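Notes for the one structure printed next.
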Amino acid sequence: MTEPAARPAETVAEAEDALLSRWPETRLEPSLDRIQAFTELLGDPQRAYRSIHLTGTNGKTSTSRMIDGLLRALDLRTGRFTSPHVERMAERISIDGEPLDDEAFVRAFNDVAPYTHLVDESEAHPLSFFETVVGMAYAAFADAPVDVAVVEVGMGGSWDATNVIDADVAVVTPIAVDHANYLGGTAAAIAREKAGIIKPGSVAVLAQQSAEVAPVLLERIAEVGATVAREGLEFGVVTRAAAVGGQVVTLQGLRGRYDDVFLPLYGAHQAQNAATALAAVEAFVGGDEPLGDDVVRGAFAEMTSPGRLEVVRRSPTIVLDAAHNPHGAEATAAALDDSFQFDPLVGVVGVMGDKDAEGLLAAFEPHLAHVVVTQNSTARAMPADQLAETAREVFGEDRVSVVPRLADAIDEAAARAEAAGSDALSSGAVLVTGSVVTVGEARALLGGRK
C-alpha cells in the first residue's frame, strides 16, 4: 500500500512550519549525499543556468546583492540565494532582485515537497531545513527561468548544501574565525573548507585575505586549475570618500577603471565588497571590454543592503548592523567613525549563544558610550544576563544596562542617546547589533525600509 502524498501547503505559515520542523541550520552532518539525492529527484535544476558562488566570513550578502544588481543592469535575469534572512524566510530566494512573494514561496515549497520524504527514507539522515530551502531555490530558478544564479553558501563551502553547483565564478570574501565548532578553530582550517567552492576551470575572485588564509586559497586554485583575480593586485578600490548618504568610490576592475561611482552604503568594507562584486561580474561576462560606466554607476546607485549600517529612524538616529563576530564588528566600528559623527553612540547588543561575544564587544568598546544588553526571541539567543557578565568585564559596570526585551532595550537606548545628545553641538544615536536575528527583529519593530 502506498502512503498518501503529503497535503500541499496553502499558506506561508504552513510552508514555514513544515520547513522548520526539519533539522535546523545549526545541526550539521557534513555530506552532500542528501542534497545530491534531492536535486537529482528534482531533475538537477542547478544545471539549467550559469552561476556565481560566494563564500567567506563577512560581506557575502552585501556582495551577492551587488553582483545581482550589476547582472540585472546587463539585462540578465537573475536568481539570488542568500542566508540567513533578516525578516522573512522568503527573502532567501530572490528572482530579478525581488524576494519571492507569499504565493511564489508557497508554490516553490509545494513543487519540491513531494520529493522530500523520498530523500528522508533513502538517506541515513533526513533532509535539513537548509538543504530543503536550497532545493526550493534551485528549482525556482530553473522554473523562472533565470540566466544566472548568485548563490551564497550557508556555512563553509566543500560540504555546504549549495555546493552541488559548478559555478563559473567563485567569490571568496574576507575569511576570519567564525562557526569555529563546525569549521575549525583557525582561519587556515576554515579557508580550507571554504575553498571547496572553487571548481576546475572557474575564476576565483578573492577579496583581501590574511597571510594565513591566502596560501590556502591559492593552493586550491592551483590544484583545480582555476584562474585567480585578487583584490589589491588584479582589482581593488582606488579611492573612496565619505559622502551624504554613502560614499564615492573609484574602482579598478579586471577590464577597466570606473571613476567617481556613488555607493549608497557606508564603510570601507562596502567599497571593498563593491570592487569584489565588480570583478566577479567582469569575470563572469568575460572578454576584454569594461562593463560601461553607465551600467556600473546605475547599478551601484540603486544598491541597498538591509540590516548593514542601515539608518531606519532619525531623532535620535537608529542604525541597524548585523555584525555578529569580531571581524564584522571591527568593520562596522570603522565605518561608523568614517561616516558619522554620533556623540554619544549607545549600543543595543543581542548575540547568539555560540558566538564570540567578548571579541565582538571588545571591538565596539572604544566606540560606544554605553551598551544596553538584550536578547532576541530565538532559543539560540545568549541570555541577556549571561551576555551582561561579559559586557561588564569589557565596558565596566557603569556603562552596561540589562534589558532582556528587545523593544524595551531600544527604548532605553534611544532615551539615553537623546538625553546625552541634547546640546546643539552633538547628536546622540543608537546602534542595534550582534546578530542578524536581533537586527531583523529590530527592523520589524522599527519599520525598516522594504
Side-chain angles (χ1 to χ4, degrees), residues 50 52-54 56 58-76 78 80 97 147-148 150 167-174 198 202-210 213-214 217-218 221 226-305 308-309 331 334-335 338-339:
R50 297 174 67 197
I52 297 175
H53 204 178
L54 295 94
N58 291 305
K60 295 186 295 294
T61 299
S62 293
T63 307
S64 297
R65 292 175 72 93
M66 292 176 189
I67 290 171
D68 188 349
L70 284 164
L71 291 167
R72 284 184 288 113
L74 293 166
D75 294 327
L76 291 169
T78 60
R80 185 178 77 243
D147 298 310
V148 52
V150 182
D168 301 65
V169 177
V171 177
V172 186
T173 67
I198 301 169
S202 66
V203 179
V205 175
L206 309 183
Q208 196 83 54
Q209 303 291 346
S210 68
V213 164
L217 299 176
L218 293 172
I221 287 162
T227 306
V228 69
R230 295 154 293 184
E231 182 187 354
L233 293 171
E234 285 80 15
F235 69 91
V237 179
V238 180
T239 62
R240 57 176 291 273
V244 175
Q247 56 191 309
V248 174
V249 297
T250 293
L251 304 173
Q252 178 61 52
L254 303 178
R255 310 267 178 267
R257 177 173 154 142
Y258 305 85
D259 292 306
D260 302 327
V261 177
F262 177 64
L263 180 66
L265 301 171
Y266 300 102
H269 62 297
Q270 292 290 20
Q272 291 173 285
N273 290 341
T276 303
L278 178 63
V281 172
E282 287 178 319
F284 179 82
V285 171
D288 299 320
E289 291 300 308
L291 296 184
D293 278 348
D294 291 350
V295 167
V296 173
R297 284 173 198 276
F300 281 130
E302 298 289 312
M303 209 50 67
T304 61
S305 198
R308 275 77 180 177
L309 279 168
D338 175 76
S339 305

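On a predicted model such as this, the values are computed, not experimentally measured, just so you know.
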Can you list every salt bridge (charged side-chain N to carboxylate O under 4.0 Å, His left out) pair that touches [range], not counting sequence neighbours?
range: residues 241-263; answer: Arg257-Asp259
range: residues 236-252; answer: Arg240-Asp338
range: residues 274-289; answer: none

Which heavy atom of [X] sits nearest a heavy atom of [Y], and at what distance?
X: Val150; Y: Ser64; result: CG1-O, 3.8 Å
X: Leu251; Y: Phe300; result: CD1-CE1, 4.0 Å
X: Ile221; Y: Ala204; result: CD1-CB, 3.6 Å
X: Thr276; Y: Phe235; result: CA-CE1, 3.6 Å
X: Ala299; Y: Ala73; result: CB-CB, 4.0 Å
X: Ser339; Y: Gly267; result: OG-N, 3.9 Å

Rounded to the nearest 0.5 Å, what separates atom [atom1] in [X] from atom [atom2] in [Y]?
X: Arg72; Y: Leu74; atom1: CZ; atom2: CG; value: 11.0 Å
X: Lys60; Y: His53; atom1: NZ; atom2: NE2; value: 10.5 Å
X: Arg80; Y: Ile67; atom1: CZ; atom2: CD1; value: 10.5 Å
X: Leu70; Y: Thr78; atom1: CG; atom2: OG1; value: 11.0 Å

Gln208 and Gln272: CA distance, side-chain angles, deciding distance, side-chain hydrogen bond (donor to acceptor under 3.5 Å, both in side chains) verdict: CA-CA 8 Å; Gln208 196 83 54; Gln272 291 173 285; 5.1 Å; no
Main-chain N/O of [Y] paired with [X] side-chain donor or acceptor, under 3.5 Å:
X: Thr173; Y: Asn58; value: yes
X: Gln209; Y: Ala207; value: yes
X: Tyr258; Y: Leu291; value: yes

Those residues that, when tested against Ala170, pass side-chain contact (heavy atoms from CB on, under 4.5 Å) (two or more places apart): Ile197, Ile198
Residues in side-chain contact (heavy atoms from CB on, under 4.5 Å) contact with Ala243, at least two apart in sequence or another chain: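 Ala243: side-chain contact (heavy atoms from CB on, under 4.5 Å) contacts with Val248, Phe262.
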Worked verdict on Arg308 versus Leu265 for side-chain contact (heavy atoms from CB on, under 4.5 Å): CA-CA 8 Å; Arg308 275 77 180 177; Leu265 301 171; over 6 Å; no
Non-hydrogen side-chain atoms of Asp75 and Asp147 separated by less than 4.5 Å: no
Pairwise side-chain contact, Leu71 with Ile52, heavy-atom cut-off 4.5 Å (strictly under): yes
Within residues 261-271 or reaching into it, pairs that qualify as side-chain hydrogen bond (donor to acceptor under 3.5 Å, both in side chains) - sequence neighbours excluded: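 Listed once each, the pairs are Ser62-Gln270, Gln270-Asn273.
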